[in-house]
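Reviewing the structure listed below.
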Number of protein chains: 2
Amino acid sequence: MLDIKPDPYIALCPSRQIIAVIGDKWSLLVIPLLLEGPMRNAELMRAIEGISQKMLTQTLKRLEEYNLVIRQDYGEVPPRVDYRLSPLGLSLAQVIGTLDNWVIENFDAMTQTQKQA
Amino acid sequence: MLDIKPDPYIALCPSRQIIAVIGDKWSLLVIPLLLEGPMRNAELMRAIEGISQKMLTQTLKRLEEYNLVIRQDYGEVPPRVDYRLSPLGLSLAQVIGTLDNWVIENFDAMTQTQKQA
DNA sequence: CTGGATCCTCGATGATACTG
DNA sequence: CAGTATCATCGAGGATCCAG
């Protein structure tokens, strides 16, 4: 087995790309949302205020590519499709959830006394 | 005390802005770096391959605004300035470090079998 | 309902040059 | 060394229309 650790501090290391995927504004919101269970396109649109259809689709697609989200198409008509976390995605969601919570908890501290003259 | 929790899922909530700050590509790299101790501009430039002077400055400035990083100017000449994590930043760095490590650990899983036809 | 394809704009980012 | 200012570019992202 390889023991070459990816190092995002090196410009060419693909792991930096991953950081970009995860650090993505919308991914950071979509992933924890799916902790609550499978969601459909329209549901996600409603849950995440301000996201455009385009970005949602794009985000989901990318998350699927990286094995974080599973897209399930029921092949019905009218179309029914939902998205859920893969095991890998679930694992990541925990971490991101922690991050989100940190933000929520420390929001005041971050914004207060900003440059208190 | 207020008990109104910030909710990044609401478009207008300022917490979303915070998510953006933290989720930022460069912030995600700078913050954990400072865990190793105070660093100077040039050091950071060297440590983070590919970052431009402009983005580094901009990133540091923003982190300082949000009370995550402390900028110390020794007022010497030639100029000597270094940056270190604030207590708040230190706390955040732990979380982000976890995220980064997750990426490093699960890098293979994310990229392997991508669309294994 | 899901989401693909287009057009268009604006802002983020990099490169460069300059100052203290 | 630290940092600002300027310019030019490129691509992210939104709005819209269309289709299965």
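These numbers come from the heavy atoms of this one structure, side chains and all, not from hydrogens, waters or symmetry mates. Order of the sequence lines sets the chain letters (A, B, ...), proteins ahead of strands, with each chain counted from 1.
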Derivation of the side chain to side chain contact (heavy atoms under 4.5 Å, CB included) call for Arg62(A) and Asp24(A) = CA-CA 11 Å; Arg62(A) 198 162 48 171; Asp24(A) 178 76; 3.5 Å; yes
Leu92(B) and its side-chain contact (heavy atoms from CB on, under 4.5 Å) partner, picked from Leu85(B), Leu63(B), Ile31(B) | Ile31(B)
At under 4.0 Å between heavy atoms, which parts of nucleotides 1-20 of chain D does protein reach? Answer with one letter per nucleotide, 5' to 3': B base, S sugar-phosphate only, - none.
-> BSSB--------BBB----B
How far does CG of Leu88(B) sit from CG of Asn67(B), to the nearest 0.5 angstrom?
-> 6.5 Å
Judged by modelled atom types alone, do Asn41(B) and Tyr83(B) share a side-chain donor-acceptor pair under 3.5 Å?
-> no
Salt-bridged, Arg80(A) to Asp73(A), with N to O below 4.0 Å?
-> no
